Amino acid sequence: MTASHDVPFRLVIHGGAGAIKQSRLSAEREAAYRQVLTQSLSAGYDVLKIGGSCIDAVTAAIVVMEDSPLFNAGKGSVFSREGQNELEASIMEGSTRLAGAVAGVTTVRNPIRAAHAVMTKSTHTMLIGPGAEIFAAEQGLEIVDPEYFHTSYRWEQLQKALAKKQVLRDHDIDSNRPFTNNDKKHGTVGAVALDRHGNLAAGTSTGGLTNKRRGRVGDSSIIGAGTYADNRSVAVSATGTGEMFIRTAAAYQTAAQIMLLQKPIHEAADTTLKEISSIGGDGGLIVLNVKGDYAMRFNTSGMYQGTIGHNGIAWTGIFHDESEI
Ligand code: ASP
């Protein structure tokens with residue numbers, strides 16, 4: 001495959017959506033988030049710049065956020081009711097519509113790599129629990145003690161959620177009181193990329209919801225709900241109230257509106273979010289097409305987000321008024 005230098009490449013990422021208010025976010029914490037978002041963008045950019053694949057760019061961008069304790073994915077994953085970290089991730093390639101996903105994993109350091117391995121090294125699309133972990137180990141992926149995912153602030157969040165009998169999406173935790181420097185706001189992470197070969201990919205990774213039931217699976221590992229990619233339409237990664245994103249086939253319905261109804265990408269994303277809102281959910285979507293047009297839409301007060309194109313200028317955002325679009 002030859003890379004065309006005329007094809008504009010692009011990467012768009014998110015770090016979760018929720019009740020993120022500027023007035024409640026300290027300058028220090030905001031800077032920390034923007035720094036990891038920028039690192040994630042540059043990891044993906046480095047792949048795309050040299051003609052690497054969109055799948056590799058999505059993986060590289062997500063690994064940076066999984067390795068940061070700031071986001072609810074990988075290292076910073078939230079706790080289930082039983083005090084475990086059950087992680088999930090998915091990835092999809094738009095040229096072949098091949099996809100891979102894992103859910104309920106407790107020992108895989110980078111679930112997005114495991115999803116990628118399921119896509120490329122197995123005949124399956126989704127593996128869960130111990131089976132996914134055995135497969136990841138067989139593929140030479142890094143396996144960690146479940147303790148690796150234990151962070152004290154996440155543990156405290158679980159204790160609060162247990163006391164209030166609430167199942168909480170990450171960014172909404174503690175949203176009823178001011179954020180402080182000690183607050184750790186985190187979120188599901190995702191990326192969509194267009195490479196120099198004109199191909200699209202999407203990926204999403206999460207620790208799910210604080211105080212979720214054991215075995216609960218969200219939208220992030222469900223192809224068509226949290227992740228979707230098709231070169232004929234768009235690549236999509238979602239964040240939000242997972243149950244509603246599953247029930248609306250959120251990522252697929254966004255792509256379908258674009259492919260079948262030729263809707264502009266922003267409009268398609270907004271229509272999907274409206275549908276989600278009509279059944280009591282909220283969140284955000286990042287969307288990218290083969291021309292390099294993209295949208296970062298959310299119906300919450302904030303969404304950690306960023307983008308970079310072939311000019312190499314990284315942009316990060318959190319709130320509505322600073323959105324590029
Ligand atoms: N969608 C994720 C889930 O339901 C949560 C999030 O995006 O914050 O697991």
Side-chain angles (χ1 to χ4, degrees), residues 13-20 33 62 65-66 68-81 84-91 101-106 111-112 115 126 128 149 154 157-158 161 166-175 184-192 202-228 236-254 269 272-273 275-277 279-286 296-305 318:
I13 61 170
H14 71 75
I20 311 159
Y33 276 111
I62 290 179
M65 293 188 279
E66 284 182 337
S68 164
L70 286 179
F71 297 95
N72 174 21
K75 174 71 185 156
S77 290
V78 299
F79 284 99
S80 70
R81 188 180 298 181
Q84 286 190 309
N85 306 101
E86 292 182 9
L87 284 57
E88 61 184 271
S90 64
I91 197 161
V102 293
V105 294
T106 60
I112 196 68
M126 187 168 196
I128 61 163
F149 301 108
R154 290 300 195 193
Q157 285 178 340
L158 172 64
Q166 285 175 324
V167 179
L168 294 169
R169 187 165 41 142
D170 191 38
H171 291 310
D172 296 340
I173 292 170
D174 298 336
S175 61
K184 307 286 195 285
K185 302 292 163 189
H186 317 248
T188 292
V189 306
V192 290
T204 312
S205 180
T206 193
L209 304 178
T210 296
N211 197 17
K212 66 185 178 182
R213 283 194 74 99
R214 184 173 186 188
R216 180 264 184 187
V217 175
D219 60 313
S220 308
S221 59
I222 306 292
I223 296 300
T227 301
Y228 196 72
V236 185
S237 172
T239 171
T241 43
E243 281 68 11
M244 287 74 167
F245 279 69
I246 293 173
R247 288 159 55 199
T248 55
Y252 179 73
Q253 89 149 264
T254 305
T272 301
L273 290 173
E275 177 90 0
I276 286 162
S277 159
I279 57 166
D282 64 12
L285 295 162
I286 54 173
M296 299 173 280
R297 310 298 281 185
F298 49 104
N299 60 4
T300 50
S301 55
M303 178 169 82
Y304 293 103
Q305 59 196 286
I318 304 173

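Worth saying up front: this structure is predicted, and the values here are computed from it rather than measured. We count ligands from 1, going down the list as the structure has it; atoms in each ligand are counted the same way. The figures here come from the full heavy-atom set of this structure, side chains too, leaving out hydrogens, waters and symmetry mates.
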Interfacing atoms of ligand 1 (cut-off 4.0 Å, heavy-atom, [X]):
X: G208; value: 9 (O)
X: G240; value: 1 (N), 2 (C), 3 (C), 4 (O), 5 (C), 6 (C), 7 (O)
X: T188; value: 2 (C), 5 (C), 6 (C), 7 (O), 8 (O)
X: D219; value: 1 (N), 2 (C), 3 (C), 4 (O)

>> Run I20 and Y304 through side-chain contact (heavy atoms from CB on, under 4.5 Å) and show every step you take.
In response: CA-CA 9 Å; I20 311 159; Y304 293 103; 3.5 Å; yes
> Any idea which of E88, E243, R216 brings a heavy atom closest to atom 9 (O) of ligand 1?
Replying inline: R216
> Mind checking what makes side-chain hydrogen bond (donor to acceptor under 3.5 Å, both in side chains) contact with E66, not counting sequence neighbours?
Replying inline: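 Applying side-chain hydrogen bond (donor to acceptor under 3.5 Å, both in side chains) to E66 gives N110, S205.
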> Do you know the tightest heavy-atom contact between G208 and N72?
Replying inline: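 Closest heavy-atom pair between G208 and N72: O-ND2, 2.8 Å.
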Could an N or O of ligand 1 be found under 3.5 Å from any N or O of [X], whether backbone or side chain?
X: T239; result: yes
X: G187; result: no
X: G218; result: no

> Counting only N and O atoms by type, is there a donor-acceptor contact under 3.5 Å from the side chain of S301 to the main-chain atoms of G18?
Replying inline: yes
>> Please report the interatomic distance CD1(I318) to CD(Q305), rounded to the nearest 0.5 Å.
In response: 8.5 Å
> Taking it one step at a time, do E243 and K212 satisfy salt bridge (Lys or Arg N to Asp or Glu O under 4.0 Å)?
Replying inline: CA-CA 12 Å; E243 281 68 11; K212 66 185 178 182; over 6 Å; no
